[in-house]
Colleague: 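The structure follows.
This one's a predicted model, so the numbers in the text were calculated from it and none came from an experiment. Note: hydrogens, waters and symmetry copies are ignored here, and every other heavy atom, side chains too, is used.
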Amino acid sequence: MSDEHATPAPVGGGPEQASAAPRSLRRSLASIVLGFELIVVFLAALVLWGLAVDGDTPFGLPRWSILAAGGVCIVLLVATIGLLRFPWAYGLGWGIQVLILVSGLLNPAMFFVGALFGGIWAYAMIAGARIDRDKAAHDAAGKEAA
């Protein structure tokens with residue numbers, strides 16, 4: 001008659017979900033940094049586009065190229081967030097940090113933004129990897145004791 005007392009279906013796809021390895025802190029920190037950087041790059045591209053006047057842009061580029069370059073950076077950031085499950089994606093993240101730093105050639109304020117996010121990225125990668133190593137060692141010691 002009614003399904004009031006039926007047991008709910010498991011959330012997340014089933015029993016294989018429970019046995020999946022926990023997400024590493026390094027990956028979590030990387031996605032957070034890249035997510036915040038995504039917002040800042042979007043806003044910076046809009047500001048640089050709004051400040052640009054045709055013929056007075058850096059390197060004589062057309063005004064729309066600033067939005068196109070910002071769009072490419074945004075696509076790279078979103079793709080990298082999605083690819084963080086692969087070890088090589090962290091290298092791509094380092095490459096994006098260099099790209100943002102080099103964008104300071106278009107506007108010197110971007111040197112500050114690039115250096116700031118590069119430092120945050122470096123700290124997140126170093127601290128995240130260290131904490132993941134310590135946690136793995138602790139978990140291994142716990143399994144040996146059991």
Side-chain angles (χ1 to χ4, degrees), residues 7-146:
T7 57
V11 178
E16 66 277 353
Q17 183 77 14
S19 65
R23 189 172 178 174
S24 75
L25 183 63
R26 181 178 178 214
R27 181 176 172 187
S28 296
L29 290 175
S31 63
I32 290 168
V33 171
L34 292 175
F36 280 121
E37 196 167 10
L38 173 72
I39 295 167
V40 171
V41 166
F42 172 73
L43 294 173
L46 289 178
V47 167
L48 293 175
W49 176 73
L51 292 175
V53 178
D54 276 335
D56 190 29
T57 58
F59 307 112
L61 297 171
R63 191 170 175 226
W64 60 265
S65 65
I66 295 170
L67 286 179
V72 167
C73 286
I74 289 169
V75 168
L76 279 172
L77 286 162
V78 169
T80 303
I81 291 170
L83 293 171
L84 285 173
R85 64 182 173 262
F86 302 110
W88 54 265
Y90 296 97
L92 183 59
W94 281 106
I96 290 173
Q97 302 312 313
V98 171
L99 179 67
I100 302 297
L101 186 63
V102 170
S103 71
L105 296 173
L106 298 175
N107 186 324
M110 290 303 290
F111 282 127
F112 174 73
V113 172
L116 180 69
F117 274 105
I120 294 170
W121 178 262
Y123 178 77
M125 294 300 96
I126 293 167
R130 181 181 47 82
I131 292 170
D132 285 341
R133 268 192 321 271
D134 292 347
K135 184 177 179 196
H138 178 67
D139 291 346
K143 286 182 182 178
E144 288 177 5

Colleague: Taking atom CH2 as the centre, does Trp64 end up with more than 12 heavy-atom neighbours from other residues, nucleotides or ligands that are less than 6.0 angstrom away?
Modeller: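 Check fails, neighbour count at 12 or below.
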Colleague: With side chains defined as the heavy atoms from C-beta onward, is the minimum distance between Phe117 and Leu101 less than 4.5 Å?
Modeller: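 No, side chains not in contact.
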Colleague: Distance from Ile66 atom CD1 to Leu48 atom CG, nearest 0.5 Å?
Modeller: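 The CD1 atom of Ile66 sits 6.0 Å away from the CG atom of Leu48.
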Colleague: Tell me, do Tyr90 and Arg26 make a side-chain contact under 4.5 Å, heavy atoms counted?
Modeller: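 They are in side-chain contact.
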Colleague: Please report the C-alpha distance between Met125 and Trp94 in whole Å, then the side-chain angles of each, then the deciding distance to 0.1 Å, and finally whether the side-chain contact (heavy atoms from CB on, under 4.5 Å) criterion is met.
Modeller: CA-CA 10 Å; Met125 294 300 96; Trp94 281 106; 4.2 Å; yes
Colleague: Could you walk me through whether Leu105 and Phe111 pass the side-chain contact (heavy atoms from CB on, under 4.5 Å) test, one step at a time?
Modeller: CA-CA 8 Å; Leu105 296 173; Phe111 282 127; 4.0 Å; yes
Colleague: Heavy atoms only: give me the nearest Gly35-Ile81 pair and the separation to one decimal.
Modeller: N-CD1, 3.8 Å
Colleague: Quick check for you: to the nearest 0.5 Å, what is the distance between Glu37 atom CD and Ile74 atom CD1?
Modeller: 11.0 Å
Colleague: Would you say that Arg63 contacts Leu51 through its side chain, given a criterion of any heavy-atom pair below 4.5 Å between the two side chains?
Modeller: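 Answer no - side chains too far apart.
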Colleague: Would Leu99 and Leu76 count as a side-chain contact (heavy atoms from CB on, under 4.5 Å) here? Give the steps.
Modeller: CA-CA 10 Å; Leu99 179 67; Leu76 279 172; 4.1 Å; yes
Colleague: For Phe42, look at atom CZ and say whether over 12 heavy atoms of other residues, nucleotides or ligands are found less than 6.0 Å away.
Modeller: no
Colleague: Do you know the tightest heavy-atom contact between Gly70 and Ala45?
Modeller: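 Answer, listing the atom of Gly70 first, then Ala45: CA-CB, 3.9 Å.
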Colleague: Report the residues that fulfil side-chain hydrogen bond (donor to acceptor under 3.5 Å, both in side chains) with Ser31, sequence neighbours left out, ordered by chain and then residue number.
Modeller: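 So Ser31 forms a side-chain hydrogen bond (donor to acceptor under 3.5 Å, both in side chains) with Arg23.
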Colleague: Would you compute the distance between atom CG of Leu106 and atom OG of Ser65 and round it to the nearest 0.5 angstrom?
Modeller: 8.0 Å
Colleague: Would you compute the distance between atom OG1 of Thr80 and atom CG of Leu38 and round it to the nearest 0.5 angstrom?
Modeller: 10.5 Å
Colleague: Would you say Ile100 and Val41 make side-chain contact, with heavy atoms under 4.5 Å?
Modeller: yes
Colleague: Passes side-chain contact (heavy atoms from CB on, under 4.5 Å), Arg130 versus Arg133? Steps please.
Modeller: CA-CA 5 Å; Arg130 181 181 47 82; Arg133 268 192 321 271; 3.7 Å; yes
Colleague: For the CD1 atom of Ile96 and the CG atom of Leu77, what is their distance to the nearest 0.5 Å?
Modeller: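 With rounding to 0.5 Å, CD1 (Ile96) is 4.5 Å from CG (Leu77).
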